[in-house]
Q: 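Please see the structure below; I have some questions.
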Amino acid sequence: MKKLIASCLLMVAASLTVTKTDACTSAVISGKVTPDGRPLLWKHRDTGALQNSVKYFSGEKYAFIAVVNSGEEDPSDVWVGTNSAGFSVMNTQSYNLVQVKEGEERGEANGRVMRRALEVCATVADFKHFLDTISKPSLIEANFGVIDAQGGAAMFEVDYYKYTFFDANDSKDAPCGYIARSNFSFTGEVNVGAGYVRYMQEDKLLMPASAMKKITPAWIFNELSRSFANPLLGIDLKEGDYNRPKGTGWFVEQDFIPRHESASSVVIQGVKKGEKPELVTMWTVLGYPPVSVAVPLWLKGAEKQLPSLVLTEKGKQASGMSKRTTVLLDKVYAYDQGMGSNRYMNWELLYNSDKTGYMQSLAPVEERVFFLTEPRLDEWREKGSLDVRQVYQLYDELDKYISAAYNRLFGL
């Protein structure tokens with residue numbers, strides 16, 4: 001039955017012209033349901049701008065770091081970031097809050113609003129005030145997730161004139177301690193928008209994980225950013241039914257969280273109330289997440305140094321990490337013969353019974369990144385502040401280790 005369903009899916013997908021949209025998956029998780037009591041903010045970014053980097057901004061009131069499209073000297077838009085007050089924000093494009101007029105770009109202001117919010121907001125309450133006071137129509141159509149250094153964690157569904165506030169710390173809004181969103185809003189037009197199946201999958205995994213307090217940055221990357229399950233079809237590619245010798249190893253990408261246009265995945269790990277905002281950690285995966293590796297980033301000291309892998313390389317239009325992952329992404333999506341063929345993916349290259357797939361080969365690399373980082377982060381938390389000299393040493397160590405791993409595994 002599973003193979004029959006999959007075959008139907010392949011035929012349908014291959015017959016369609018696929019329109020690529022900004023289609024992201026996200027969640028805000030209260031510290032009440034994380035193992036260490038710190039809130040989490042996750043954004044898995046899907047976009048036509050596949051080359052992403054991280055950039056430091058001095059900001060009008062607060063400095064901040066954020067994911068941007070590579071190659072922009074002074075980006076007007078940012079897509080997820082955190083500032084010196086410990087305020088962090090991300091968005092997913094909604095497609096059911098606004099009737100867009102001819103000539104309007106859907107969610108035109110989403111990215112620049114986040115840049116401005118990172119410059120001037122310190123708390124969830126500040127962001128509320130910010131939305132209250134910006135000029136209308138705002139040209140916003142988005143689900144904005146935010147966390148702050150006071151334990152605040154919330155989701156805002158925002159259209160041109162108003163917003164609806166959902167508090168991840170309030171059991172009425174978030175009975176399981178988290179709020180998940182993809183590309184529709186609960187206050188928008190019913191059954192319109194995008195990402196319903198992706199939402200089903202993240203909610204299916206987040207619910208039991210929140211009850212057992214299993215949600216960590218590493219868990220999010222492994223279970224969500226690299227999930228290849230479609231709950232509507234009742235399939236999970238990792239079970240092996242579509243690998244050789246049972247199948248050819250090829251499959252059609254349809255409503256998985258990772259997609260061809262997945263350009264980054266970020267988990268911002270907040271602080272407990274009373275901890276310094278400088279301890280907020282922005283775990284950043286640049287490029288297609290199944291073939292990329294998380295790198296920890298901190299704002300303190302970022303004006304002088306960040307890992308070279310996440311910065312746009314001088315004279316180029318890509319970060320070192322995005323450049324490497326693009327090579328592997330192109331091999332996974334190598335079939336290009338006619339309309340709709342860009343959705344065929346070589347699953348066998350990513351994941352196989354011999355455990356030689358790109359995703360399997362990189363798993364221990366990312367595990368070591370967490371192994372090298374977490375003891376130092378625990379030490380800084382115990383001391384109450386970051387040691388910038390040690391941060392720079394860690395950046396250098398991770399740059400060398402990750403670069404060597406890609407060279408050893410893939411010759412990149």
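Keep in mind that the numbers below use all heavy atoms, side chains included, and drop hydrogens, waters and symmetry copies.
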Q: Can you check ring pair (Phe, Tyr, Trp, His ring centres under 6.0 Å) on Y351 and F228, steps first, answer last?
A: CA-CA 10 Å; Y351 195 96; F228 283 91; 8.4 Å; no

Q: Over 60° means perpendicular and under 30° means parallel, so classify the ring planes of F127 and F156, tilted if in between.
A: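 Perpendicular.
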
Q: Quick test of your reading of the model: are D170 and K172 salt-bridged, counting only N-O distances below 4.0 Å?
A: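 Not counted as a salt bridge, because no side-chain N and carboxylate O are separated by less than 4.0 Å.
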
Q: Please work out which of the three classes, parallel, tilted or perpendicular, describes the rings of Y344 and Y335, given edges at 30° and 60°.
A: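 Perpendicular.
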
Q: Between the main-chain N or O of L349 and the side-chain N or O of N352, is there a donor-acceptor pair closer than 3.5 Å?
A: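 Absent.
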
Q: Does the distance from a Lys or Arg side-chain N to an Asp or Glu carboxylate O, for D74 and R115, drop under 4.0 Å?
A: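 Yes, D74 and R115 are salt-bridged.
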
Q: Would you please classify the geometry between the F221 ring and the F370 ring as parallel, tilted or perpendicular, with 30° and 60° separating the classes?
A: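 Tilted.
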
Q: Are more than 12 heavy atoms, taken from residues, nucleotides or ligands other than K304, located less than 6.0 Å from that residue's NZ atom?
A: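 Count not over threshold, so no.
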
Q: Is the shortest heavy-atom distance from the side chain of Y160 to the side chain of L97 under 4.5 Å?
A: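 SC-SC contact between Y160 and L97 ruled out.
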
Q: Ring centroids only, cut at 6.0 angstrom: are F410 and Y358 within range, meaning strictly under it?
A: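 That pair passes the under 6.0 Å test.
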
Q: Does a side-chain N-to-carboxylate-O contact under 4.0 Å join E348 and K331?
A: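 Not counted as a salt bridge, because no side-chain N and carboxylate O are separated by less than 4.0 Å.
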
Q: With the threshold set at 4.0 Å, does a side-chain nitrogen-carboxylate oxygen contact exist between K214 and E223?
A: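 Salt bridge: no.
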
Q: With side-chain hydrogen bond (donor to acceptor under 3.5 Å, both in side chains) as the test, pick out the partner of S262 among T325, D46, T47.
A: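 Only one option passes, and that is D46.
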
Q: Using the rule given for ring pair (Phe, Tyr, Trp, His ring centres under 6.0 Å), can you reason through F184 versus Y199, listing the C-alpha separation, both sets of side-chain angles and the distance that settles it, and then say yes or no?
A: CA-CA 9 Å; F184 65 95; Y199 171 81; 5.7 Å; yes

Q: Salt bridge or not between E119 and R116? Use side-chain N to carboxylate O under 4.0 Å.
A: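 Answer for the salt bridge query: yes.
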
